[in-house]
*Asks:* 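One structure follows; several queries about it will come next.
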Amino acid sequence: MRRVTHSQPAPGWACLAMVLVLAACSAQDAPESTGADGASVSTLPNAALLDPSPADFVALPCVGTPAGTACAIVRAGGKTLLFGAPEGVHQALVIAGGEGPDGVFLFTLEGAGLEGLVRLRNQTWIDGRDHKLPVAGPDGTSLFLAYLDKGLERSDAVAYLRHRPAGRFDAALFAPIDVAQTPSLRVFDSGDLAVEAHPGADGMVHYFALYGGHTLLLSGCRMTDTDRLEDADTVIACGVDEAGKWHWPLAKPGVSMIGDPPVAVQQ
């Protein structure tokens, strides 16, 4: 097993729904042109891996998102999965190839890990998403996203009239999945690519992405079931740097191929 290692956002998800709703109108009116907080957008290395073959299992960073936030783009089997949704995540998807995600997987319902969710929802719908956006997350995700959808009803109507998205009107909505306190829950399955969710301590969720006989574990902090680390070829988890700060290794541009043998993230 090759292990690479996420910083934790501050609490306050209950207030975040209103903050995200208030930002929705400007998010729908114009596409993104810069990374989070005006950060310049850098180019990913190994450009050939941005268009992997069906046999490849690739993890990409969310370029342009705030440093230290947990976010990774996973591609395999012609699918794109997004783990984490910090500010700037839609632009990160554009940089990584432009496809909207087939599924979104939240580690937590705490602050910074959700700040890009409304723009992601709105822009991928305007760009042509024709189905509700699947989002898995900790217990409470369905209620949180229901409040967001309700708060966005008027701006959805304005966006529909202004942009005439290719998808139907209700495709703007979320399709949430709550990960309750059960041993595991399969939250995505395309036949060859699957994601299993495992609830952890303090409302954190950890995810196993399975493809082609290989397993990638994407984990936030506070993981209690450390025995499961041995189930993965590659682990992207919480770690501490020399200064004693939590860090998430895919915050910098780099590409990880999950395979045999597994390849660590290039920093």
Side-chain angles (χ1 to χ4, degrees), residues 1-6 44-63 70-85 89 92-93 95-107 134-137 177 179 182-200 204-239 247-267:
M1 176 190 72
R2 191 72 66 88
R3 182 173 184 175
V4 294
T5 67
H6 149 105
L44 289 170
N46 299 342
L49 295 181
L50 298 183
D51 186 22
S53 75
D56 291 333
F57 192 5
V58 181
L60 302 170
C62 298
V63 176
C71 188
I73 301 165
V74 173
R75 286 191 172 153
K79 302 295 183 183
T80 298
L81 307 180
L82 178 63
F83 294 85
V89 71
L93 282 166
I95 294 168
E99 299 96 339
D102 295 285
V104 180
F105 308 90
L106 302 177
F107 296 107
V135 180
I177 303 173
V179 180
T182 57
S184 66
L185 177 67
R186 182 157 290 199
V187 292
F188 181 88
D189 195 337
S190 66
D192 54 355
L193 174 63
V195 177
E196 293 182 353
H198 295 257
M204 186 69 65
V205 177
H206 317 285
Y207 297 96
F208 287 85
L210 306 101
Y211 180 74
H214 300 290
T215 302
L216 166 65
L217 169 59
L218 298 105
S219 174
C221 299
R222 307 191 295 270
M223 185 173 186
T224 55
D225 189 5
T226 56
D227 291 341
R228 294 304 307 274
L229 294 175
E230 300 303 322
D231 296 342
D233 297 313
T234 300
V235 177
I236 302 175
C238 198
H247 65 99
W248 179 255
L250 289 185
K252 298 180 180 179
V255 175
S256 179
M257 292 288 290
I258 316 304
D260 187 15
V263 179
V265 175
Q266 301 172 10
Q267 294 293 349

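Because only heavy atoms are used, hydrogens play no part in the values below, and waters and symmetry mates are left out as well, while side chains stay in.
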*Asks:* Side chain to side chain contact (heavy atoms under 4.5 Å, CB included) with Leu193: which residues, sequence neighbours excluded?
*Replies:* Ala76, Lys79, Leu81, Phe188, Ser190, Tyr211
*Asks:* Applying the side-chain contact (heavy atoms from CB on, under 4.5 Å) criterion to Phe105, which one of Val135, Ile177, Val187 satisfies it?
*Replies:* Val187
*Asks:* Can you name the closest pair of heavy atoms from Asp192 and Gly77 and give their distance?
*Replies:* OD2-CA, 3.9 Å
*Asks:* If I compare all heavy atoms of Val89 with all of Cys71, which pair ends up nearest, and what's the gap?
*Replies:* CG2-SG, 3.7 Å
*Asks:* Counting N and O atoms only, with roles assigned by atom type, does the side chain of Tyr207 sit under 3.5 Å from a partner on the main chain of Leu106, one being a donor and the other an acceptor?
*Replies:* yes
*Asks:* Identify the two heavy atoms, one from Val205 and one from Ala197, that lie closest to each other, and give their separation to 0.1 Å.
*Replies:* CG1-CB, 3.9 Å
*Asks:* Do Ile73 and Cys62 have side chains that get closer than 4.5 Å, going by heavy atoms?
*Replies:* yes
*Asks:* To the nearest 0.5 Å, tell me how far Asp102 CG sits from Thr80 OG1.
*Replies:* 6.0 Å
*Asks:* Locate the shortest heavy-atom distance separating Arg75 from Gly97; write the atom from each residue and the value.
*Replies:*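 Looks like NH2-CA, 3.6 Å.
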*Asks:* How close do Leu60 and Ala96 get, heavy atom to heavy atom, and via which atoms?
*Replies:*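 What the structure gives for the nearest pair is CD1-CB, 3.9 Å.
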*Asks:* What's the separation between atom CG in Leu210 and atom CZ in Arg186, rounded to the nearest 0.5 Å?
*Replies:* 6.0 Å
*Asks:* How are the rings of His198 and Phe208 set to each other: parallel, tilted or perpendicular (split at 30° and 60°)?
*Replies:*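 Perpendicular, since the angle between the ring planes exceeds 60°.
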*Asks:* Taking all heavy atoms of Ala72 and all of Leu218, pick out the closest pair and write down the distance.
*Replies:* CB-CD2, 3.8 Å
